[in-house]
Amino acid sequence: MELSAFDLSGKVALVTGGAHGIGFSIAEGMARCGATICFNCSSERSLEKGVEAYKAAGIDAHGYVADVTDWDAVSAMVEKIKAEVGPVDILVNNAGIIQRKPMLETSSEDFERVIKVHVVGAFNCAKAVLPDMIEKRAGKIINICSMMSELGRETVSGYAAAKGGLKMLTKNIASEFGQYNIQCNGMGPGYIATPQTAPLRQRQPDGSRSPFDAFIISKTPAGRWGEAEDMVGPCVFLASHASDFVNGQILYADGGILAYLGHQPQ
C-alpha cells in the first residue's frame, strides 16, 4: 500500500464539536492530509473561537452552529455545507458532554441529555449525510467512542450508557450501509490531557500526583496520559482509503488500558 492511500485531498470532512479539544486536533490532522474542514459547534461564541483557532493554525475551515440533537437544525446545516462547500465525504461524530455525578444524584433529565447529545446527535448527523454517501457509493463515518463503551465507572452512568449505545450504533450503520461502500467505525480515546481534564492532573501541594492522576498512570501501560494529537493518526486512517475494508470496528487509542489488568501487588 502506498502512502497516497492516506491522502484526503478533495474530501469534505465535517467534525462535530470541532471548535476545540480532540475534535479540533482531528480536524487539523485531516486538513494536513488534504481534507476541506467543516466544523460544527453549539454556540456563536464557540464558533468565533473555533474560527480564530483554525486561522491561527493556517487552516481555512468552515464553521456552522447547530444543536446536534435537533434534526431540523442538523439537516439544514448539512444542506448548507453541501451548497457552500460540497457533499460531506467524512463525518466525525465528536460532539459530546459528560456529567460526573453519582447515579442516585443524577436526574433523569440530565441522564437523557447526555444520551441525546452522544447517540441521538450521532444518529441525526449520520442520517443527514448518508443519502449523498449512498449516491456516491462512498463515505466514511467515524464515531468518537470511549473506553466507557466497554467499561463502567462510578459517577458516569449517563456517559457510559451513551458511549455504549454509540458503539452499537456504529456497528448498525456499518451493517446497514456497507453495501454502498460506506464504512462506519469508532475511535475510542483513552484518558487525554486536555484543558477539560487539567483539574484531574493537577499536582498536589507536595508535588506528587493527585490520586486520580496516579490511578490513570498506573493503569496505562504507556505510563502517560494521551495527547489530543495521539487521536489524529487513528482517525486519518479510518477516514482514508487505507481502511476501505474496515467496517463496524472500534479502534481504541488508549495507551493500552483496555488490555491491562494493572500492576501486580508487591
Side-chain angles (χ1 to χ4, degrees), residues 16-17 21-23 26 68-69 92-126 141-175 184-202 209-228 230-231 234-235 238 248-265:
T16 67
I22 291 174
I26 291 169
V68 295
T69 69
V92 182
N93 281 313
N94 171 71
I97 59 174
I98 187 169
Q99 262 210 350
R100 294 183 178 91
K101 276 187 178 181
M103 182 173 170
L104 295 181
E105 297 174 16
T106 301
S107 70
S108 59
E109 291 80 11
D110 285 344
F111 182 88
E112 183 179 354
R113 177 63 180 165
V114 175
I115 298 289
K116 286 186 71 175
V117 172
H118 289 275
V119 183
V120 177
F123 171 86
N124 284 341
C125 292
I141 297 174
I142 304 168
N143 293 328
I144 303 303
C145 295
S146 166
M147 289 183 299
M148 298 299 102
S149 298
E150 302 289 340
L151 301 171
R153 192 171 70 79
E154 65 276 8
T155 77
V156 290
S157 58
Y159 187 80
K163 290 302 190 180
L166 187 58
K167 176 183 73 171
M168 293 312 300
L169 178 63
T170 300
K171 293 177 179 292
N172 201 80
I173 292 172
S175 300
C184 180
N185 293 287
M187 193 282 289
Y191 282 89
I192 309 302
T194 65
Q196 288 81 5
T197 61
L200 302 176
R201 293 176 283 109
Q202 189 170 0
R209 295 183 183 276
S210 69
F212 189 81
D213 187 10
F215 166 69
I216 294 303
I217 296 299
S218 72
K219 290 291 293 181
T220 307
R224 66 175 178 89
W225 287 64
E227 301 292 337
D230 290 322
M231 307 299 104
C235 284
L238 294 175
Q249 304 301 309
I250 313 298
L251 174 56
Y252 291 101
D254 66 353
I257 291 178
L258 287 173
Y260 189 44
L261 278 174
H263 291 296
Q264 180 176 328

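When reading the values below, keep in mind they use all heavy atoms of this one structure, side chains included, and skip hydrogens, waters and symmetry mates.
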Nearest 0.5 angstrom please: [X] [atom1] to [Y] [atom2], how far?
X      : Y      : atom1 : atom2 : answer
Ile98  : His118 : CD1   : NE2   : 7.0 Å
Ile26  : Cys235 : CD1   : SG    : 3.5 Å
Asn143 : Lys171 : CG    : NZ    : 12.0 Å
Ile257 : Ile216 : CD1   : CD1   : 5.5 Å
Met147 : Asp254 : CE    : CG    : 6.0 Å
Arg153 : Arg100 : CZ    : CZ    : 7.0 Å

Okay, side chain of [X], backbone of [Y]: is any donor-acceptor separation there less than 3.5 Å?
X      : Y      : value
Thr16  : Ala95  : yes
Lys101 : Ser157 : no
Asn185 : Gln249 : yes
Arg201 : Thr194 : yes

In the structure I gave you, are the side-chain heavy atoms of [X] and [Y] within less than 4.5 Å of one another anywhere?
X      : Y      : value
Leu169 : Ile173 : yes
Leu200 : Tyr191 : no
Ile250 : Ser149 : no

Step by step, would you call Leu258 with Leu151 a side chain to side chain contact (heavy atoms under 4.5 Å, CB included)?
CA-CA 9 Å; Leu258 287 173; Leu151 301 171; 3.3 Å; yes
Shortest non-hydrogen contact from [X] toward [Y]:
X      : Y      : value
Arg224 : Ile217 : CA-CD1, 3.5 Å
Ala228 : Ile192 : N-CG2, 3.6 Å
Gly255 : Pro221 : O-CD, 3.3 Å
Ile115 : Gly158 : CD1-O, 3.8 Å
Ala161 : Phe111 : CB-CZ, 3.9 Å
Leu238 : Gly186 : CD1-O, 3.7 Å

If we check side chain to side chain donor-acceptor pair (under 3.5 Å) with Trp225, which of these qualifies: Asp213, Thr220, Thr197, Asp230?
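The option that passes is Asp213.
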Intermediate values then yes/no, side chain to side chain contact (heavy atoms under 4.5 Å, CB included), Leu166 and Lys163:
CA-CA 5 Å; Leu166 187 58; Lys163 290 302 190 180; 4.2 Å; yes
Please check if atom CZ in Phe123 has more than 12 non-hydrogen atoms from other residues, nucleotides or ligands closer than 6.0 Å.
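No, because the 6.0 Å sphere around CZ of Phe123 holds 12 heavy atoms or fewer from other groups.
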Using side chain to side chain contact (heavy atoms under 4.5 Å, CB included), reason through Asn124 and Val68 one step at a time and then give a plain yes or no.
CA-CA 7 Å; Asn124 284 341; Val68 295; 5.9 Å; no
